Amino acid sequence: QVQLVESGGGLVQAGGSLRLSCAASGRTFSRMSMGWFRQAPGKERELIAAIGWGGSGTYYVDFAKGRFTISRDNAKNTVYLQMNSLKPEDAAVYYCAAKFGLALQETEYDYWGQGTQVTVSS
């Protein structure tokens with residue numbers, strides 16, 4: 001069993017930055033692919049980025065390219081999402097997720113965190 005706890009969300013002005021963290025429990029973190037998702041009110045949950053177990057392979061959806069960066073520290077069992085140049089439309093609940101699969105662009109994951117709210121003021 002893997003438990004995921006996100007942190008780092010909050011209120012930020014448009015153009016600002018936030019760094020989200022996701023701490024994972026268990027001994028399998030280093031062998032799992034990790035992803036960040038978000039869900040805005042009235043919208044479906046969408047993938048933002050994913051990173052392979054070794055950290056060298058990453059995948060970003062189009063809106064995240066150039067603004068968001070996913071990274072991980074296997075020694076700390078933590079995955080990060082650095083978000084820059086935030087826009088009001090980035091406001092959502094952000095979730096991290098973990099899976100044993102290797103296909104970073106696929107959205108099926110085995111474990112999910114509870115989410116952290118990101119609010120962007122204009």
Side-chain angles (χ1 to χ4, degrees):
Q1 188 73 10
V2 176
Q3 292 185 327
L4 304 172
V5 179
E6 303 95 336
S7 62
L11 173 64
V12 63
Q13 288 188 334
S17 298
L18 280 176
R19 187 195 196 200
L20 305 183
S21 299
C22 173
S25 65
R27 302 179 181 180
T28 59
F29 177 80
S30 62
R31 293 185 279 115
M32 304 186 80
S33 298
M34 301 296 296
W36 281 99
F37 290 74
R38 70 184 186 185
Q39 187 168 20
K43 296 187 178 181
E44 294 187 355
R45 185 166 56 192
E46 60 181 349
L47 175 66
I48 302 168
I51 187 166
W53 62 269
S56 60
T58 57
Y59 172 80
Y60 295 90
V61 298
D62 286 345
F63 72 78
K65 294 177 181 177
R67 294 195 300 129
F68 294 4
T69 303
I70 190 171
S71 62
R72 67 189 295 162
D73 185 339
N74 286 344
K76 296 182 178 180
N77 274 20
T78 302
V79 62
Y80 305 97
L81 184 69
Q82 177 67 43
M83 305 187 294
N84 299 326
S85 302
L86 284 164
K87 306 174 182 179
E89 52 263 42
D90 292 318
V93 178
Y94 283 68
Y95 300 89
C96 72
K99 65 178 179 181
F100 290 103
L102 301 176
L104 300 183
Q105 71 275 20
E106 293 184 359
T107 58
E108 290 189 3
Y109 277 71
D110 301 306
Y111 302 98
W112 293 85
Q114 293 300 307
T116 185
Q117 178 71 50
V118 171
T119 303
V120 184
S121 63
S122 58

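Everything quoted here is computed from the prediction, not taken from an experiment. Computed over heavy atoms, backbone and side chain alike; hydrogens, waters and symmetry mates excluded.
- Cluster membership for V120 and F63, using ILVMFWY side-chain heavy atoms within less than 4.5 angstrom, is shared.
- By the ring pair (Phe, Tyr, Trp, His ring centres under 6.0 Å) test, Y111 pairs with no residue at all, sequence neighbours left out.
- Atom CG of L20 is separated from atom OH of Y95 by 13.0 Å, given to the nearest 0.5 angstrom.
- Closest heavy-atom contact between Y60 and A49: CD2-CB, 3.5 Å.
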Go through the steps for D110 and V2 under the test side-chain contact (heavy atoms from CB on, under 4.5 Å), then give the verdict. CA-CA 9 Å; D110 301 306; V2 176; over 6 Å; no
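- For Q13, the CD atom sits in a loose shell: 12 or fewer heavy atoms of surrounding residues, nucleotides or ligands are nearer than 6.0 Å.
- Annotation for W53 and S30: closest pair CB-O, 3.2 Å, computed over non-hydrogen atoms.
- Separation of atoms NZ (K99) and CD (E106) is listed at 5.5 Å; rounding is to 0.5 Å.
- Residues M34 and L4 come closest through the heavy atom pair CE-CD2, 4.0 Å.
- Contact check for Y80 versus T69: no side-chain heavy atoms found under the 4.5 Å cut-off.
- The minimum heavy-atom distance linking T78 with A23 is given by the pair OG1-CA, 4.1 Å.
- Taking 4.5 Å as the limit, every side-chain heavy atom of D90 sits out of range of all side-chain heavy atoms of V118.
- The closest side-chain heavy-atom distance from M32 to F100 is below 4.5 Å.
- A ring-centre distance under 6.0 Å is not found for F68 and W36.
- Across all non-hydrogen atoms, the minimal contact from R31 to R27 is NH2-O, 4.4 Å.
- Checked options E46, E44, E6, E89; the residue passing with R38 is E46 (criterion: salt bridge (charged side-chain N to carboxylate O under 4.0 Å, His left out)).
- Figure legend: R72 and F29 shown as a cation-pi pair, the cationic atom lying under 6.0 angstrom from the six-membered ring centre and within 45 degrees of its axis.
- Judged by distance alone, the side chain of N77 and the main-chain N or O of A24 form a donor-acceptor pair under 3.5 Å.
- Residue L47 comes nearest to L104 through the heavy atom pair CD2-O, 4.0 Å, listed as atom of the first residue, atom of the second, then distance.
- Taking NZ of K87 as the reference point, atom OG of S122 lies at 14.0 Å (rounded to 0.5 Å).
- Counting only distance, with no hydrogens or angles, the side chain of S33 and the backbone of G101 share a donor-acceptor pair below 3.5 Å.
- Atom-to-atom distance recorded for C96:SG and I70:CD1 is 9.0 Å, nearest 0.5 angstrom.
- Note: Q114 CD to C22 SG = 11.0 Å, rounded to the nearest 0.5 Å.
- To the nearest 0.5 Å, atoms CD1 (I48) and OH (Y94) are separated by 5.0 Å.
- With a 4.5 Å cut-off on side-chain heavy atoms, V12 and M83 do not count as touching.
- Clustering ILVMFWY residues whenever any of their side-chain heavy atoms sit less than 4.5 angstrom apart, transitively, puts L11 in a cluster other than the one holding L86.
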